[in-house]
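Data first, discussion second: the structure below is written as structure tokens.
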Protein chains: 2
Amino acid sequence: MLNDRKRKILQIIIEDYIETAEPVGSRTIARKHNLGLSPATIRNEMSDLELLGYLEQPHTSAGRVPSAQAYRLYVDSMKEEPGVLTENDRALINSWFKERIRSMDDIFKSTAKILSRMTQNVSLVLANKKSTARFKYLKFLPLSDTQAILCIVTDDGAMDNGLIDIPAGMSAGEMDYLSGKMSNLLEGRQLTEITGDLLQEVYSAVSEDEVMLASLKKAIGKIAAKNSEQKVFLGGAKQLLNQPEFQDVGRVKNLLGILEEEKVVKDILNAGDDSGLKVTIGSENKFTGIKDCSMVQATYRLNGQIVGTMAVLGPTRMEYRKVIAVMNYLHKYLETILQEPK
Amino acid sequence: MLNDRKRKILQIIIEDYIETAEPVGSRTIARKHNLGLSPATIRNEMSDLELLGYLEQPHTSAGRVPSAQAYRLYVDSMKEEPGVLTENDRALINSWFKERIRSMDDIFKSTAKILSRMTQNVSLVLANKKSTARFKYLKFLPLSDTQAILCIVTDDGAMDNGLIDIPAGMSAGEMDYLSGKMSNLLEGRQLTEITGDLLQEVYSAVSEDEVMLASLKKAIGKIAAKNSEQKVFLGGAKQLLNQPEFQDVGRVKNLLGILEEEKVVKDILNAGDDSGLKVTIGSENKFTGIKDCSMVQATYRLNGQIVGTMAVLGPTRMEYRKVIAVMNYLHKYLETILQEPK
DNA sequence: ATTAGCACTCACATTGACAGAGTGCTAATA
DNA sequence: TATTAGCACTCTGTCAATGTGAGTGCTAAT
């Protein structure tokens with residue numbers, strides 16, 4: 001469809017525009033790149049490219065600007081030769097992570113930070129906690145005469161707890177007996193499975209106290225909810241202001257408003273649960289408010305399970321090559337980190 | 001020091017400027033407020049006020065703008081008649097909280113949101129988790145042949161856990177014995193007290209396994225660290241852009257940069273651990289980067305313990321009256337909410 | 001003590017001229 | 001037939017000149 005020369009010129013325009021944020025003119029191209037072509041020829045080609053929908057003109061007698069369609073082509077053709085990070089950048093990432101990972105949360109926080117730092121754009125990281133951990137056993141730890149702590153241990157070694165009411169005067173022995181029985185009956189179930197009905201069934205097989213049942217239900221519900229919680233980490237909102245397209249305060253306000261709504265951010269990130277890297281350009285985005293932005297998004301998994309999603313959000317004029325390279329590297333890096341049990 | 005008329009005029013200027021963000025001129029004052037004074041007289045008074053340091057002139061032949069000193073006076077004189085929220089606003093706050101409080105975190109999140117909504121400024125909320133809870137008992141829950149879960153229960157009913165290594169083949173009975181002994185020896189201690197030395201001492205009284213001791217140390221350290229963690233909640237960064245003083249992108253960038261550095265925000269909020277409400281105006285702020293802003297800050301407590309700090313940060317031209325009213329109300333409201341155990 | 005009047009200052013908006021960068025078209029050229 | 005030189009034209013951004021409006025300070029009159 002596009003001959004080599006057109007393709008070459010288009011690429012030059014895109015990369016030039018990405019770099020300078022200024023409409024690119026024929027003369028500039030001829031001067032900067034040694035194509036052996038006069039500005040006039042280039043003009044003709046550009047005219048064609050505009051007709052084909054790859055270029056746009058902000059106004060007569062301005063240079064030209066790549067269209068969403070052009071970026072699409074650019075990004076797609078990049079898939080074959082993805083571009084690599086410099087040794088320097090990789091070292092930076094490695095050392096950054098080495099220094100500050102203490103908890104799971106730190107991993108996500110660092111990811112957000114690095115993404116925004118290296119790409120000069122906003123980063124969004126969604127930590128998925130939709131756990132598929134299976135129930136292993138539960139235990140009651142006495143607290144006072146009428147209260148105890150419910151501990152739930154899952155097969156991935158995590159545990160959680162909640163406060164429950166117990167019949168006054170229940171002995172430690174009784175509690176152990178109860179928990180042992182229940183553990184046997186519930187072992188291997190998904191945590192989310194242990195809802196009202198199943199719990200009721202199991203419980204009534206071993207005890208009759210209604211108060212305790214009710215508080216057990218409540219506590220387990222809370223734990224299950226917490227375990228399927230999704231957490232959002234943002235980074236680099238301020239980088240936005242370095243981008244010329246966000247010199248307009250209205251636009252910044254718009255985007256900041258979106259980023260502040262945690263629910264919206266979650267929706268955006270959850271939408272892209274595809275495999276691998278996904279680039280959405282301009283109006284390809286389905287969410288109002290970011291239709292004039294581009295987003296590069298990747299989902300990372302552990303043993304097939306989705307652990308989280310990371311994304312870079314910025315103007316359509318984005319350094320796709322660099323962004324994709326960073327994401328690819330981070331992606332691989334994180335999967336190895338997550339492999340080691342923390 | 002200031003006679004009544006000067007005081008009155010100064011107040012008018014301050015409130016007018018807070019409302020319009022435009023330098024206030026003598027003629028405007030005469031027109032808007034029925035003082036029975038001609039512009040010329042007002043001009044003379046304004047001239048005096050400028051000499052006294054209460055007013056500033058952006059340039060000759062512009063109106064005048066209140067100085068930090070003027071705001072100081074304004075805020076101080078407000079202490080006597082603090083200003084109250086409208087019934088409407090109070091209802092708004094009440095219903096907001098009623099709807100979304102499920103966990104402790106929700107309280108802080110909501111606080112941040114409301115503060116920024118109602119004041120049109122950035123809000124910062126610091127949740128203090130510097131717990132003074134005392135150790136109650138610990139328990140080991142077997143996980144595998146070489147690992148167990150350490151549960152630590154404190155006297156406030158909270159509990160925490162961590163993974164530890166155990167000597168291969170340790171029986172449940174042995175674990176119970178060990179935990180019982182240690183619990184007895186440690187009961188009543190502050191969590192942070194149980195550092196290396198004390199733990200070592202207690203542990204060596206009951207067992208000799210070095211591997212287990214090491215991993216115990218690590219796990220308890222982690223738990224103690226987590227319990228003294230402080231969490232920051234922000235709200236309304238986008239409101240900033242509605243303020244005329246933040247039409248300048250550079251200034252926004254500056255402030256956003258600060259807000260993104262969690263550590264800096266913590267420092268700022270921790271600095272004001274005074275009692276009650278604290279207003280810092282302009283250069284009264286000790287932190288570079290917000291020296292051209294004002295901050296209203298309140299610390300809330302529960303049984304004398306500091307639970308958190310909330311603050312509103314904005315331009316020196318801030319609706320102090322409203323902000324203070326909101327903070328006062330929230331402050332009281334939160335203390336009653338926090339009273340009820342969650 | 002207050003005020004009317006006046007000269008003066010400064011920011012800001014408007015206008016017009018002009019340079020710079022770019023385009024499209026046509027005719028000449030390889 | 002593809003390329004290019006040349007030219008007229010268009011649009012933006014900048015700069016200087018100018019006028020307007022809001023405000024001040026001072027002086028003299030009330």
Side-chain angles (χ1 to χ4, degrees), chain A residues 2-10 12-17 19-67 70 244-245 247-248 317, chain B residues 2-10 12-17 19-67 70 244-245 247-248 317:
Chain A
L2 254 50
N3 64 31
D4 262 13
R5 198 167 72 183
K6 282 200 176 47
R7 196 179 293 270
K8 179 76 186 159
I9 290 178
L10 183 56
I12 287 176
I13 295 176
I14 293 176
E15 288 177 351
D16 209 76
Y17 183 66
E19 192 190 335
T20 65
E22 299 282 325
V24 190
S26 57
R27 172 179 292 217
T28 322
I29 298 178
R31 215 185 308 120
K32 272 218 236 174
H33 304 266
N34 227 346
L35 291 178
L37 293 176
S38 79
T41 316
I42 296 176
R43 267 206 292 288
N44 290 332
E45 295 288 41
M46 285 166 86
S47 183
D48 289 357
L49 284 168
E50 182 168 4
L51 229 63
L52 290 167
Y54 290 105
L55 293 179
E56 282 160 8
Q57 234 177 336
H59 58 85
T60 353
S61 96
R64 288 188 170 83
V65 163
S67 68
E245 21 272 288
Q247 289 314 89
D248 170 32
R317 183 191 63 80
Chain B
L2 254 51
N3 65 30
D4 260 13
R5 197 167 74 181
K6 281 201 177 47
R7 198 180 290 273
K8 179 76 186 159
I9 290 178
L10 183 55
I12 288 177
I13 295 177
I14 293 176
E15 288 177 351
D16 209 77
Y17 184 67
E19 192 190 334
T20 65
E22 298 283 324
V24 190
S26 57
R27 169 178 293 213
T28 323
I29 297 179
R31 215 185 306 122
K32 274 219 237 175
H33 304 266
N34 228 346
L35 289 179
L37 293 176
S38 79
T41 316
I42 297 176
R43 266 208 292 287
N44 288 332
E45 295 289 39
M46 286 167 85
S47 183
D48 289 356
L49 285 168
E50 182 167 3
L51 229 62
L52 290 167
Y54 289 104
L55 293 180
E56 283 160 7
Q57 235 177 335
H59 56 86
T60 350
S61 95
R64 280 171 171 97
V65 162
S67 69
E245 20 273 287
Q247 290 313 90
D248 170 30
R317 183 191 62 82

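Just so we're clear, the structure is a prediction, and the values are computed from it rather than from any experiment. Hydrogens, waters and symmetry mates play no part in the numbers below; they use all other heavy atoms, side chains included.
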* Write down the distance between CD (A:Glu22) and C1' (D:dC11), rounded to a whole number of angstrom. => 15 Å
* Apply salt bridge (Lys or Arg N to Asp or Glu O under 4.0 Å) to A:Glu56 and list each qualifying residue two or more places apart in sequence or on a separate chain. => none
* **Partner residues of A:Glu50 under the side-chain hydrogen bond (donor to acceptor under 3.5 Å, both in side chains) criterion, sequence neighbours left out** => A:Arg64
* **A:Asp48: side-chain hydrogen bond (donor to acceptor under 3.5 Å, both in side chains) partners, not counting sequence neighbours** => A:Lys6
* Could you state the atom-to-atom distance from OH of B:Tyr17 to C1' of D:dG23 in whole Å? => 16 Å
* Asked: Residues two or more places apart in sequence or in another chain: which of them pass side-chain hydrogen bond (donor to acceptor under 3.5 Å, both in side chains) with B:Gln57?
  -> none
* **side-chain hydrogen bond (donor to acceptor under 3.5 Å, both in side chains) against A:Arg5, all qualifying residues, sequence neighbours excluded** => A:Glu45
* In dot-bracket form, how is DNA chain D paired, counting a Watson-Crick or G-U wobble pair only if both its distances are under 3.5 Å and using | for bases paired to another strand? -> ||||||||||||||||||||||||||||||
* Structure fact -> 5' to 3', nucleotides 11-30 of chain C under a 4.0 Å protein heavy-atom cut-off (B base, S sugar-phosphate only, - none) gives S----------BBB------
* Protein-nucleotide distance (B:Ile29, atom CD1; D:dA22, atom P), rounded to Å -> 16 Å
* **Contacts of type side chain to side chain contact (heavy atoms under 4.5 Å, CB included), residue B:Arg43, not counting sequence neighbours** => B:Ser26, B:Pro39, B:Ala40
* Derivation of the side-chain contact (heavy atoms from CB on, under 4.5 Å) call for B:Ile29 and B:Leu35 -> CA-CA 8 Å; B:Ile29 297 179; B:Leu35 289 179; 4.1 Å; yes
* What is the distance, rounded to the nearest whole Å, between atom CZ of B:Arg5 and atom C1' of C:dT2? -> 8 Å
* For B:Glu19, salt bridge (Lys or Arg N to Asp or Glu O under 4.0 Å) partners two or more places apart -> none
